[in-house]
Engineer: 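Could you have a look at this structure, given as structure tokens, before my questions?
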Amino acid sequence: MEYGDEWTQQELYKYSKELEKEGRSVVLVDTILKPLPHIETMTYNPYEMNEMPKDTVFVFYCDTGKTTKARLEFYRKKLPGFTCISLRGGRGYWRPNYQLLEEIEKNV
């Protein structure tokens, strides 16, 4: 499945749920040493990341999302075989209280 080069926060939550059902994990990667609130992140460390299962999806973030998007090819070369994606808007657009709610079934 192709997921593109950038994910919004909503897509991050949505695709994480989908991939979890397939047994794949999504890891949010901190490239600026500023963890995001209310979500688990991993500091960028190519050695540790290469030790993870090859079906892992890495979502990189910076302050604005521009640097990580520009460096995606660099990350993909450092982490061959992994899926690398940039978080659109980065830390600046992160909404700490955002939730992905299930659609309520209509009474028909």
Engineer: Check the hydrophobic clustering (I, L, V, M, F, W, Y; side-chain heavy atoms under 4.5 Å; chains of links allowed) and say if Phe60 and Tyr15 are grouped together.
Structural biologist: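 No; tracing contacts between hydrophobic side chains, which count when under 4.5 Å, never links both residues.
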Engineer: Tell me, do Val29 and Val59 make a side-chain contact under 4.5 Å, heavy atoms counted?
Structural biologist: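 Heavy-atom side-chain distance check fails, nothing below 4.5 Å.
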Engineer: Report the C-alpha distance between Leu28 and Glu40 in whole Å, list the side-chain angles of each, state the deciding distance to 0.1 Å, and finish with yes or no for side chain to side chain contact (heavy atoms under 4.5 Å, CB included).
Structural biologist: CA-CA 7 Å; Leu28 195 56; Glu40 186 177 340; over 6 Å; no
Engineer: Would you say CD of Glu51 has more than 12 non-hydrogen atoms from neighbouring residues, nucleotides or ligands within 6.0 angstrom?
Structural biologist: yes
Engineer: Going through the checks in order, is the side chain to side chain contact (heavy atoms under 4.5 Å, CB included) test met by Thr68 and Leu87?
Structural biologist: CA-CA 8 Å; Thr68 51; Leu87 182 66; 5.9 Å; no
Engineer: Rounded to the nearest 0.5 Å, how far does CZ of Phe82 lie from OG1 of Thr56?
Structural biologist: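 Answer rounded to 0.5 Å: 5.5 Å.
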Engineer: Would you mind reporting whether Gln9 and Arg88 have side-chain heavy atoms less than 4.5 Å apart?
Structural biologist: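 Arg88 vs Gln9: side chains apart.
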Engineer: When rounded to the nearest 0.5 angstrom, what is the spacing between CH2 in Trp7 and CG in Leu12?
Structural biologist: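 Taking CH2 in Trp7 and CG in Leu12, the distance rounds to 6.5 Å.
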Engineer: Any side-chain heavy atom of Val27 sitting closer than 4.5 Å to one from Met52?
Structural biologist: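 They are in side-chain contact.
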Engineer: Rounded to the nearest 0.5 Å, what's the gap from OG1 on Thr8 to CH2 on Trp94? Could you check?
Structural biologist: 10.0 Å
Engineer: Nearest 0.5 Å, please: how far is SG in Cys84 from CZ in Phe58?
Structural biologist: 7.0 Å
Engineer: Is there side-chain contact between Asp63 and Lys34, with heavy atoms separated by less than 4.5 Å?
Structural biologist: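 They are in contact (side-chain heavy atoms under 4.5 Å apart), so the answer is yes.
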Engineer: Taking the side chain as every heavy atom from C-beta outward, state whether Arg24 and Thr83 have any pair of such atoms under 4.5 Å apart.
Structural biologist: yes
Engineer: Using a 6.0 Å cut-off, check whether atom OH of Tyr98 has over 12 heavy atoms from anything other than its own residue.
Structural biologist: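 Counting other residues, nucleotides and ligands, OH of Tyr98 exceeds 12 neighbours.
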Engineer: Can you measure from OG1 (Thr31) to OH (Tyr44) and round to the nearest 0.5 angstrom?
Structural biologist: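 Thr31 atom OG1 to Tyr44 atom OH measures 9.5 Å (nearest 0.5 Å).
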Engineer: Working to the nearest 0.5 angstrom, can you tell me the gap between Asp55 CG and Ser25 OG?
Structural biologist: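 Rounded to the nearest 0.5 Å, the CG-OG separation comes out at 6.5 Å.
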Engineer: Which heavy atom of Pro37 sits nearest to which heavy atom of Pro96, and what is that distance?
Structural biologist: CG-CB, 3.8 Å
Engineer: Transitively linked via ILVMFWY side-chain contacts under 4.5 Å: Leu19 with Tyr61?
Structural biologist: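 Result: yes, single cluster for both.
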Engineer: Flag the pair Asp5 and Arg76 as a salt bridge only when some basic side-chain nitrogen lies within less than 4.0 angstrom of an acidic carboxylate oxygen.
Structural biologist: yes
Engineer: With a cut-off of 6.0 Å (strictly less than), are more than 12 heavy atoms of other residues, nucleotides or ligands near NZ of Lys54?
Structural biologist: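 Atom NZ in Lys54 is crowded, with more than 12 foreign heavy atoms closer than 6.0 Å.
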Engineer: Given side chain to side chain contact (heavy atoms under 4.5 Å, CB included), test Ile39 with Tyr13 step by step and report yes or no.
Structural biologist: CA-CA 11 Å; Ile39 193 165; Tyr13 288 132; 3.9 Å; yes
Engineer: How close do Asn50 and Pro80 get, counting heavy atoms only, and between which atoms?
Structural biologist: OD1-CD, 4.4 Å
Engineer: I'd like to know if Asp30 and Arg91 make a salt bridge, using a cut-off of under 4.0 Å between side-chain N and carboxylate O.
Structural biologist: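 No, this pair does not count.
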